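Just so it is clear, the structure is predicted and the values come from calculations on it, not from any experiment. Numbers restart at 1 for each chain; the letters A, B, ... are given by sequence-line order, proteins then strands.
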Amino acid sequence: MNHNLESEAIHIFREVVSQFNKPVLLFSGGKDSITLVRLAQKAFYPARIPFPLMHIDTGHNFPETIEFRDRLVKELGLKLIVKNVQDSIDEGKVKEENGKYSSRNSLQTTTLLDAIEEFKFDACIGGARRDEEKARAKERIFSVRDDFGQWDEKNQRPELFDMLNGKIDLGQNVRIFPISNWTELDVWSYIEKEGIEIPSIYFAHQREIFIRDGLIWSHSPFVYKEDNEKVEIKTVRFRTVGDMTCTAAVASHAKTIAEVVQEIQQSSISERGARIDDKRSEAAMEKRKQVGYF
Amino acid sequence: MNALKIATAGSVDDGKSTLIGRLLYDTQSLTDDKLEAIKKSSEQRGYDYLDFSFATDGLVAEREQGITIDVAHIYFSTQEKSYIIADTPGHVEYTRNMVTGASTSQVSIILIDARKGVIEQTYRHFFINNLLRVEHVIVAINKMDLVDFSQTTFDQIKNDFQELTAKSDYSPQQISYIPVSALNGDNVVNASSKTPWYKGETILEKLENIDTTSIKEEAQVRFPVQTVIRPKSNDFHDFRGYAGKVYGNSLKVNDEITVLPSFQQSTIKRIHFFEDELEEASAGSSVVITLNDEVNISRGDMLVKSTEVPQIEKELNATICWMDNKNLTEGTKYILQHNNNTVQSKITSIDYLIPTDFGAHKETENAGALKLNEIGQVKLRLNKAIYFDAYKKNRANGAFILIDTQTNTTAGVGFLN
Ligand SMILES: Nc1nc2c(ncn2[C@@H]2O[C@H](COP(=O)(O)OP(=O)(O)O)[C@@H](O)[C@H]2O)c(=O)[nH]1
């Protein structure tokens with residue numbers, strides 16, 4: 001594990017609270033946002049984390065993630081805001097997708113942008129990493145969004161040395177990525193070294209699944225399944241945790257973090273390779289980011 | 001373990017993307033699905049080879065136009081180290097991106113097309129390395145396959161480049177020359193059988209042998225305070241800690257320190273890192289410091305050793321690289337950010353433009369303005385003094401950015417003289 005990366009992330013957190021009025025940490029319950037929480041604790045210790053967490057809940061999350069989220073928040077005495085995609089659907093702001101590849105993943109954007117407006121957040125801290133995907137590789141640490149939440153990829157501020165420029169106009173907000181320079185392996189090694197707890201679905205377990213397009217899908221009421229897609233029970237784990245409709249599992253017997261780290265070191269598939277949402281097209285992520293996705 | 005940050009520079013089509021792809025491929029850093037995507041994209045465009053630039057060109061416009069527009073970050077690791085490549089486009093319009101990439105890098109790879117040799121762009125790439133004081137430079141003389149791996153060609157280019165280095169601040173040991181074919185992988189990761197006359201390291205060997213710990217600056221220690229930590233909880237009722245990152249050198253418990261700009265003196269009581277207490281905080285670490293005396297300190301202040309007080313001035317002389325479409329002109333005002341301290345600044349004069357070709361062209365005097373991607377010598381006046389070092393002495397404490405007061409964008413970067 002790279003010691004510089006931890007200090008870099010802590011430095012970024014401290015800049016956020018100093019430069020912005022109302023920051024929030026976007027918390028998904030996944031390993032990257034759990035790592036962010038630990039880094040935020042370190043940045044402000046012995047004081048408490050000086051901003052709330054916010055979860056944009058699609059309603060299709062793994063129950064293990066939600067349980068974990070609530071326990072973490074309670075243990076650390078944090079404030080949690082939950083905003084539901086279901087509410088955006090009920091208010092008629094977004095339309096539920098249906099059919100074979102339907103997912104609420106991209107609907108989250110609307111719920112997120114509404115919440116930013118409602119709470120007047122000017123800085124949203126997220127766990128995205130540049131090694132995840134090639135549009136993300138071009139992302140800044142402080143990434144300015146206009147009042148429509150849009151990312152203007154061709155007009156980004158240069159970031160030099162450690163100097164972060166968080167100056168914005170009213171209505172704009174900034175997405176902040178403290179672990180930009182971490183790789184998937186860095187995150188796992190950190191979780192191992194720090195002894196950070198993570199939801200059980202990251203470890204090998206038995207699950208009802210079916211195979212589609214060579215990927216392992218969770219069998220659940222939220223996931224559309226064709227009649228000819230056969231459900232079986234397999235030992236799997238998740239490498240990344242989005243909601244059930246957009247996260248594929250991997251076959252694995254890794255039961256401890258040490259085993260997970262070892263598995264990743266030997267893996268020949270990238271983390272995002274198991275993200276169904278990225279398979280939509282070569283530019284899937286860039287397009288989602290332009291309209292305000294995480 | 002520390003990561004080594006690498007900046008790459010080359011003109012369009014010199015083979016930068018191919019070289020990066022090759023480094024990833026030959027170190028088994030490309031996963032199957034990424035390789036599959038590269039194959040698919042290459043086939044779609046009717047290529048009969050793998051175009052590794054698809055591994056790095058992330059934006060739609062970049063793929064459509066076959067060019068790199070923005071700084072991309074690429075990660076790979078070996079048993080030895082982890083690496084971060086800041087891949088920046090090399091054309092003159094992208095000087096600002098190159099400067100950005102170089103600002104956090106310890107090594108730079110400059111690509112030269114063996115058929116073309118040292119060209120004007122090479123001058124600029126090397127000039128920027130020199131200006132930013134990137135510690136190591138690797139000159140990769142690429143496409144050696146197209147010149148029959150000729151030693152004469154290689155030597156000629158090396159000689160031409162050495163004429164440049166003689167005019168720079170670099171010592172010869174900081175620069176290595178490597179004959180490569182990025183396309184075929186000669187001397188990238190594996191030594192080539194086609195260059196028996198070359199006894200030096202491959203690019204990866206060179207990178208692996210750079211000692212990241214020896215790169216640590218031997219400068220005076222600077223501690224810019226980011227924020228004050230006051231928990232006001234029962235357990236830590238009177239706790240008052242100063243949070244920040246240590247630059248230049250290390251700080252120890254009991255060190256006698258001076259607070260700038262107030263010049264109050266105290267000694268370091270404790271150094272906290274989360275639940276641990278440290279005896280010493282090394283350069284690059286983010287810590288919380290408590291002092292033995294009650295002093296008034298806020299964000300933007302700086303702690304230094306009492307025997308090592310930096311320059312404190314309101315009138316500055318700096319080399320500025322301009323990064324905005326709107327020209328820098330005399331008399332205009334910008335917010336100046338130095339570390340995390342911001343002050344008001346006014347451009348008093350733009351003395352001359354600095355040509356990026358090491359003296360082949362003369363400096364333009366009385367320039368009056370700096371355009372996007374131009375570099376110039378500038379005088380500024382501030383509303384409040386800053387506490388700085390010359391960039392040559394202390395990288396972290398010798399640079400600043402200028403922020404446009406209307407658009408809030410980072411419009412330029414300055415290096416203090
Ligand atoms: N023959 C040969 N062609 C190369 C070599 N390196 C790159 N190329 C080709 O040069 C062209 C430009 O390379 P690319 O990597 O896209 O250049 P970039 O613009 O610097 O990123 C492509 O057609 C490559 O296949 C090399 O070592 N030998």
Side-chain angles (χ1 to χ4, degrees), chain A residues 1-11 14-15 17-19 41-48 129-131 133-139 144 153-165 167-169 172 180-183 185-186 267-273 282-283 285-287, chain B residues 1-3 31-34 37 41 55-61 63 69-75 77 82 84 96-97 99-100 103-104 226-227 229-231 233 235-236 239 241 243-245 272-275 284-286 288 299 323 335 337 339-340 395-396 399-401 403 408-410 413:
Chain A
M1 170 61 206
N2 183 340
H3 181 67
N4 286 350
L5 293 176
E6 184 183 46
S7 277
E8 178 180 87
I10 290 173
H11 176 261
R14 291 169 176 169
E15 282 306 290
V17 298
S18 309
Q19 294 197 35
Q41 266 184 293
K42 289 201 175 188
F44 304 106
Y45 183 88
R48 281 209 183 147
R129 306 188 323 267
R130 287 170 177 160
D131 85 318
E133 201 278 334
K134 36 189 190 174
R136 290 230 196 267
K138 313 249 154 164
E139 182 69 271
V144 181
E153 75 287 355
K154 288 186 209 75
N155 193 17
Q156 302 196 79
R157 292 179 186 172
E159 289 183 338
L160 295 126
F161 303 94
D162 273 355
M163 287 179 280
L164 294 164
N165 167 11
K167 298 226 162 21
I168 47 171
D169 286 329
Q172 290 182 320
S180 280
N181 283 325
W182 297 43
T183 62
L185 190 57
D186 289 327
S267 170
S268 62
I269 298 269
S270 77
E271 177 183 14
R272 282 259 156 199
E282 196 170 38
M285 175 66 87
E286 183 179 347
K287 286 190 186 132
Chain B
M1 189 168 91
N2 273 315
T31 51
D32 288 354
D33 54 322
K34 284 192 180 154
S41 303
T56 60
D57 290 345
L59 304 173
V60 174
R63 286 194 296 277
I69 294 171
D70 197 42
V71 187
H73 298 86
I74 298 139
Y75 302 80
S77 57
S82 46
I84 304 175
R96 71 173 210 159
N97 291 356
V99 170
T100 305
S103 76
T104 52
Q226 284 185 279
T227 178
I229 308 263
R230 300 209 58 184
S233 59
D235 294 349
F236 297 93
F239 187 94
K245 194 166 162 186
H272 299 267
F273 183 76
F274 193 39
E275 290 164 338
S285 54
S286 287
V288 174
R299 174 173 167 84
M323 304 184 144
I335 297 167
Q337 182 175 345
N339 293 313
N340 50 45
R395 258 179 110 175
F400 61 82
I401 55 174
I403 300 170
N408 294 320
T409 194
T410 302
V413 57

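Across B:Asn408 and A:Asp169, no two heavy atoms sit closer than the pair ND2-OD1, 3.2 Å. Listed here is the closest heavy atom pair of B:Tyr75 and A:Asp131: CD1-CB, 3.7 Å. Of all non-hydrogen atoms in B:Phe236 and B:Pro231, the two that sit nearest each other are CB-CG, 3.7 Å.
Neither the backbone nor the side chain of A:Arg48 comes within less than 4.5 Å of any heavy atom in chain B. In this structure, the portion of B:Thr104 lying under 4.5 Å from any heavy atom of chain A is its side chain and not its backbone. Contact of B:Ile229 with chain A is made through the side chain alone, with heavy-atom distances under 4.5 Å. Within the 4.5 angstrom heavy-atom criterion, atoms from both the backbone and the side chain of A:Glu15 approach chain B. Within the 4.5 angstrom heavy-atom criterion, no atom of A:Leu185 approaches chain B. Only the backbone of A:Ala43 comes within contact range of chain B, with at least one heavy atom under 4.5 Å from a heavy atom of that chain. Using a 4.5 Å cut-off between heavy atoms, A:Gln41 contacts chain B through both its backbone and its side chain.
Here A:Asn181 is the residue among A:Ile10, A:Leu164, A:Asn181 with the most heavy-atom pairs under 4.5 Å with chain B. Of the listed residues B:Glu275, B:Lys245, B:Arg299, the one with more heavy-atom pairs under 4.5 angstrom with chain A than any other is B:Arg299. Contact tally against chain B (heavy-atom pairs below 4.5 Å) for A:Ser18, A:Ser180, A:Pro46: the top residue is A:Pro46.
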Going through the distances and angles, do A:Leu160 and B:Met323 end up as a side-chain contact (heavy atoms from CB on, under 4.5 Å)? CA-CA 11 Å; A:Leu160 295 126; B:Met323 304 184 144; 4.0 Å; yes
CA sep, side-chain torsions, deciding dist, call: A:Asp186, A:Thr183, side-chain hydrogen bond (donor to acceptor under 3.5 Å, both in side chains): CA-CA 5 Å; A:Asp186 289 327; A:Thr183 62; 3.1 Å; yes
Worked check of side-chain contact (heavy atoms from CB on, under 4.5 Å) between A:Glu6 and B:Phe274: CA-CA 12 Å; A:Glu6 184 183 46; B:Phe274 193 39; over 6 Å; no
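Atoms CG and CD1, from A:Asn165 and B:Ile401 in turn, are 5.0 Å apart once rounded to the nearest 0.5 Å.
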